[in-house]
Amino acid sequence: MAGEYHGIFVERARRQAPSNWLAIRGDALYLASAVLPAGFASALHVYFPDPWPKSRHHKRRLFDPQTVDLVLRLLRRGGRFSFATDFLDYGERVVEILAGYPGLCFTRRDRPWDEGPRTNYEAKYEVEGRPILRLEGILEVDGREAPLHPLGAKAVLAATWVDED
Ligand SMILES: C[S@@+](CC[C@H](N)C(=O)[O-])C[C@H]1O[C@@H](n2cnc3c(N)ncnc32)[C@H](O)[C@@H]1O
């Protein structure tokens, strides 16, 4: 979570006082790779993430072949995944990437969430009548055991040797 949204979340959480919560402010990819443990989350909500439209910036996307593993491995077995974007080209790319992710079962949602908009951007975009692509799914393996996404794995070079002594 970044910037002002961290403050809004903290203020709301203090007001509503749920029994436990933790808000972490920082770069999502750094947190996913270095701070948050694999397989810890029962749900992952990603709403209107920055689409980084320039191709040289795609690797900053939360869902790119080289970052998708970092994000989805946070889920435990049976963990739920929800996603929404108004940037439809990016949404279609996310659909393509997720379709190749072993162990992830997801569908497009063709209507708003039952309880109404989940975030400020979603509320604003619904009022404006902007099309929104929504996805929901479940990870059927534990993130700690999930194999690499085949597209991301292609970017990994490995060398091995056999010590014959
Ligand atoms: C379009 S806003 C959506 C905010 C909120 N999710 C909503 O739906 O109302 C995108 C947010 O993602 C944050 N963001 C972009 N890249 C990020 C990153 N790498 N790590 C954490 N937050 C990031 C931006 O600072 C911005 O607050």
Original post:
Any side-chain donor-acceptor pair under 3.5 Å between E136 and W113?
Top reply: no
Original post:
Heavy-atom distance under 4.5 Å between the side chains of L70 and L29, does that happen here?
Top reply: yes
**OP:** Could you tell me whether the side chain of P65 reaches within less than 4.5 Å of the side chain of P150, counting heavy atoms only?
**Re:** no
Original post:
Does anything in residues 71-80 pair up under side-chain hydrogen bond (donor to acceptor under 3.5 Å, both in side chains), and if so which pairs, sequence neighbours excluded?
Top reply: none
Subject >> Same cluster (ILVMFWY, side-chain, under 4.5 Å), Y47 and I138 >> reply: no
**OP:** For residues L36 and I24, determine if any side-chain heavy atom of one lies less than 4.5 Å from a side-chain heavy atom of the other.
**Re:** yes
Original post:
Nearest 0.5 Å, what's the CG-CH2 distance between L62 and W52?
Top reply: 10.5 Å
**OP:** Check whether any side-chain heavy atom of W21 sits under 4.5 Å from a side-chain heavy atom of R14, and report yes or no.
**Re:** yes
Original post:
Does OH belonging to Y30 count more than 12 external heavy atoms closer than 6.0 Å?
Top reply: no
**OP:** Measure centre to centre between the rings of F106 and Y101, then say whether the value is under 6.0 Å.
**Re:** no
Subject >> pair V46-S82: side-chain heavy atoms closer than 4.5 Å >> reply: no
Subject >> Distance in Å, R25 CZ paired with L31 CG, rounded so as to fall on 0.5 Å steps >> reply: 11.5 Å
Original post:
Do you reckon L44 sits in the same ILVMFWY cluster as I97, going by side-chain contacts under 4.5 Å, direct or chained?
Top reply: yes
Subject >> Carboxylate-amine/guanidinium proximity below 4.0 Å for K59 and D64 >> reply: no
**OP:** May I have the step-by-step check of side-chain contact (heavy atoms from CB on, under 4.5 Å) for R93 and D89, ending in yes or no?
**Re:** CA-CA 6 Å; R93 181 66 183 136; D89 286 350; over 6 Å; no
Subject >> Nearest-0.5 Å distance, CG of residue L88 to CZ of residue R130 >> reply: 10.0 Å
Original post:
Do E122 and R134 have side chains that get closer than 4.5 Å, going by heavy atoms?
Top reply: yes
**OP:** Working to the nearest 0.5 Å, report the span between OH of Y121 and CD of E128.
**Re:** 10.5 Å
Original post:
So, Y90 and R61: side-chain donor and acceptor under 3.5 Å apart, yes or no?
Top reply: no
**OP:** Mind listing the closest non-hydrogen atom pair of A146 and V141 along with its distance?
**Re:** CB-CG2, 3.9 Å
Original post:
Charged N to carboxylate O below 4.0 Å: is that the case for R15 and E11?
Top reply: yes
Original post:
Would you call D114-R109 a salt bridge at under 4.0 Å N-O?
Top reply: yes
**OP:** With the side chain counted from C-beta on, respond yes when P51 and T85 share a heavy-atom pair under 4.5 Å apart, and no when they do not.
**Re:** no
Original post:
Can you name the one residue among L72, L104, V68, T67 that meets side-chain contact (heavy atoms from CB on, under 4.5 Å) with H149?
Top reply: V68
**OP:** Work out which heavy atom in A13 is nearest to a heavy atom in P18; give both atom names and the distance.
**Re:** O-CD, 3.3 Å
Subject >> Minimum side-chain heavy-atom gap L135-T107 below 4.5 Å >> reply: no
Original post:
Going from CG on N120 to NZ on K124, what distance comes out if it is rounded to the nearest 0.5 angstrom?
Top reply: 9.0 Å
**OP:** Indicate, with yes or no, if the rings of F48 and Y125 have centres closer together than 6.0 Å.
**Re:** yes
Original post:
Using the benzene-type ring in the case of Trp, are the ring centres of F87 and F63 under 6.0 Å apart?
Top reply: no
**OP:** Could you grab the distance from atom NE2 of H45 to atom CZ of F81, nearest 0.5 Å is fine?
**Re:** 10.5 Å
